[in-house]
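Reading through the structure tokens given below for one structure.
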Amino acid sequence: MIDIKKLRDNLEDIKIALKKRGYDLDESSFKSLDDSRKELQVDVEGLQAERKQLSSEFGKLKASGKDTSDLKKIIDEKNSDLENKDADLQEVLSKLNSLLLDMPNIPDDSVPIGSSEEDNKVISQHGEIKTNNTQDHLEITKKIDTELAAKLSGSRFAVLKGDLAKLQRSLISFMIDCAINNGYKEYYVPFMANEESLTGTGQLPKFEEDLFKASDKLYLIPTAEVPLTNLFRDEFLNEKDLPVKVTSHTPCFRSEAGSYGKDTRGLIRQHQFEKIELVQITHPSDSMNCLETLLNNACEILNKLELPYQIVELCSGDLGFSSAKTFDIEVWMPSQNKYREISSCSNFTDFQARRSNIKYKSKDGNNFVHTINGSGLAVGRCLIALIENNFDGKDTINIPSCLEQYFGSNEIKVN
RNA sequence: GGAGAGUUGGCUGAGUGGUCGAAAGCGCCUCCCUGCUAAGGAGGUAACUGGGCAACUGGUUCGAGGGUUCGAAUCCCUCACUCUCCGCCA
């Protein structure tokens with residue numbers, strides 16, 4: 001959520017900044033709403049103050065045994081006036097609030113301008129593309145079974161068999177251990193979240209169709225970002241404890257509404273996938289540095305897995321709703337002959353902190369923290385990358401040495 | 001599933017219709033005292049938000065929402081959550 005005071009004072013600048021990411025701010029409707037808010041609020045609070053005083057007089061009058069009927073008449077009038085004005089005020093406030101909840105974050109000044117994915121900027125490339133394999137992961141191994149999953153559940157699910165299931169479990173442990181070594185505290189969290197939590201991180205109210213709703217009040221989490229960030233909702237943190245670094249492995253559930261026909265084959269885009277999430281709660285002055293650190297923490301995993309990847313800075317038009325600045329990490333997918341996203345590391349500045357009411361105390365008073373997060377990493381896509389990059393062309397997938405202590409072998413037979 | 005108790009400031013916890021944003025204690029901050037430390041003494045210490053250039057000055061908030069009342073932390077209703085006991089259960 002954007003700071004409404006900031007919005008009032010810098011309406012033109014913010015309109016221009018939001019334009020960069022394709023959001024058209026209706027400034028006149030904001031201004032007229034805010035103006036009537038001001039007028040109504042002053043009225044309402046004035047009437048409340050009057051009522052307070054009159055009620056106290058009423059009490060005294062009554063205590064002294066005098067007649068209160070005249071005063072009651074006055075109070076009744078004021079009260080009905082107050083009731084009407086307050087109803088108007090509540091309506092205006094609720095409109096203003098919806099407007100703010102639907103506004104995306106302001107892109108950081110450093111974000112490259114652009115309208116779509118096409119305009120994203122490749123920052124760097126790492127590792128060496130070693131294979132000329134063109135088979136995709138489903139062709140390489142029958143240990144991923146999407147037909148069986150279709151019987152159980154439907155499309156966009158997968159069953160992993162035997163040592164491939166174990167490889168996934170090994171990847172999860174490896175990634176979590178990397179995070180812990182980098183100073184993140186591990187959490188086990190609920191995989192369902194309520195409306196407040198999802199509003200706090202920005203999925204609701206605007207993107208409900210992307211979520212699976214489990215009951216009246218609960219949604220399946222689309223990422224561990226939701227529970228991890230909301231651990232701190234409505235909390236004050238000590239300035240000296242920042243940045244707070246937390247991690248969790250969870251399954252993630254996404255409806256993938258609107259992506260019909262896209263990435264329909266294999267593990268690349270599933271309704272359910274495993275992910276390790278890295279979250280940092282930071283001091284506002286430090287958040288961009290922390291984003292660099294978090295990005296490095298995620299890259300370290302690909303370095304150790306010896307998978308080729310590139311770092312991409314998202315342009316203004318491709319930024320997620322809540323993000324002010326995002327770097328994607330894209331891993332090489334031989335069968336697609338291109339790099340595909342395996343992690344997205346973002347600085348949300350105070351956007352989520354405002355929605356979630358996460359603050360720190362300092363000598364200068366209370367202030368909103370900044371939140372940072374990124375995948376470290378998406379496990380399903382990591383599996384694809386390992387299978388396709390490390391297939392020997394015959395019958396074996398080689399397992400990188402960093403996984404051996406978890407997996408217990410340096411290879412998987414494809415059948 | 002059954003029965004009961006509870007939810008108040010950073011924490012513990014008092015408070016059954018106006019003088020309560022709220023006693024007391026703890027914690028924290030400032031100062032005093034004391035070779036240092038500890039102990040002791042004095043004062044301060046909720047959040048959110050409006051108006052105003054400012055000095056300053058309003059409003060809201062005692063789990064959430066509604067109701068009663070001139071007036072609600074306090075009375076009534078609904079809901080959420082926490083805890084205890086019983087039953088069941090991985």
Length of the line joining D216(A):CG and A80(B):C1', which is rounded to integer Å
14 Å
Determine the interatomic distance between C1' on U60(B) and the same-named atom on C20(B); round to the nearest Å.
15 Å
Is the shortest distance from a Lys or Arg side-chain nitrogen in K213(A) or E208(A) to a carboxylate oxygen in the other one below 4.0 Å?
yes
Indicate, with a heavy-atom threshold strictly under 4.0 Å, whether K359(A) touches base, sugar-phosphate, or nothing.
sugar-phosphate
Whole angstroms only, please: what is the CG-P distance between N366(A) and U49(B)?
10 Å
Between G17(B) and G27(B), how far apart are the C1' atoms? Round to whole Å, please.
33 Å
Given atom CZ of R37(A) and atom P of U49(B), what is their separation to the nearest angstrom?
12 Å
Filter on ring pair (Phe, Tyr, Trp, His ring centres under 6.0 Å), then keep only pairs touching residues 141-165 of chain A, sequence neighbours left out; what's left?
F157(A)-H271(A)
Nearest-Å distance, CG (N97(A)) to C1' (U49(B))?
14 Å
Output every pair passing side-chain hydrogen bond (donor to acceptor under 3.5 Å, both in side chains) with a member in residues 287-298 of chain A, not counting sequence neighbours, ordered by first then second residue.
Y184(A)-N297(A), D286(A)-N289(A), S287(A)-N347(A), S287(A)-H370(A)
How far, in whole Å, is U8(B) from A3(B) if one measures between their P atoms?
25 Å
Pair E91(A) + K95(A): basic N to acidic O under 4.0 Å
yes
Distance, C1' atom - from G63(B) to A5(B), rounded to whole angstrom
16 Å
When Watson-Crick pairs (N1 to N3 and N6-O4 or O6-N4) and G-U wobble pairs (N1-O2 and O6-N3) count only below 3.5 Å on both distances, what is the dot-bracket string of RNA chain B, with | for other-strand pairs?
((((((((.[[[..)..(.....]]]((((((.......))))))((((((....)))))).[[[[[..)....]]]]])))))))....
In 5'-to-3' order, the base (B), backbone-only (S) or no-contact (-) status of each nucleotide in nucleotides 56-74 of chain B, using a 4.0 angstrom heavy-atom cut-off, is --BSS---------BS---
Just the rounded figure in Å: distance from P of C28(B) to CZ of F236(A).
19 Å
Pairs involving residues 23-60 of chain A, ordered by first then second residue, that meet ring pair (Phe, Tyr, Trp, His ring centres under 6.0 Å) (sequence neighbours left out)
none
On a whole-Å scale, what distance lies between the P atoms belonging to G41(B) and A46(B)?
22 Å
Write down the distance separating the C1' atoms in G59(B) and G52(B), rounded off to the nearest Å.
15 Å
Quickly work out the E235(A) CD to A46(B) P distance and round it to whole Å.
19 Å
When the P atoms of A38(B) and C29(B) are considered, how many whole Å apart are they?
12 Å
Restricting to non-hydrogen atoms, name the atom on S375(A) and the atom on S344(A) that form the minimum distance, rounded to 0.1 Å.
OG-N, 3.5 Å
Which residues pass the side chain to side chain donor-acceptor pair (under 3.5 Å) test with E50(A), sequence neighbours left out?
K78(A)
Quick test of your reading: applying ring pair (Phe, Tyr, Trp, His ring centres under 6.0 Å), list the pairs with at least one residue in residues 221-263 of chain A, sequence neighbours left out, ordered by first then second residue.
none
In short, side-chain hydrogen bond (donor to acceptor under 3.5 Å, both in side chains) pairs touching residues 158-177 of chain A with sequence neighbours left out are K143(A)-D163(A), D145(A)-K161(A), D177(A)-Y406(A)
Interatomic distance, D9(A) CG vs G50(B) C1' [rounded to whole Å]
14 Å
Set of side chain to side chain donor-acceptor pair (under 3.5 Å) partners for E341(A), sequence neighbours left out:
none
Using atom C1' in both nucleotides, what's the gap between C11(B) and G66(B) to the nearest angstrom?
32 Å
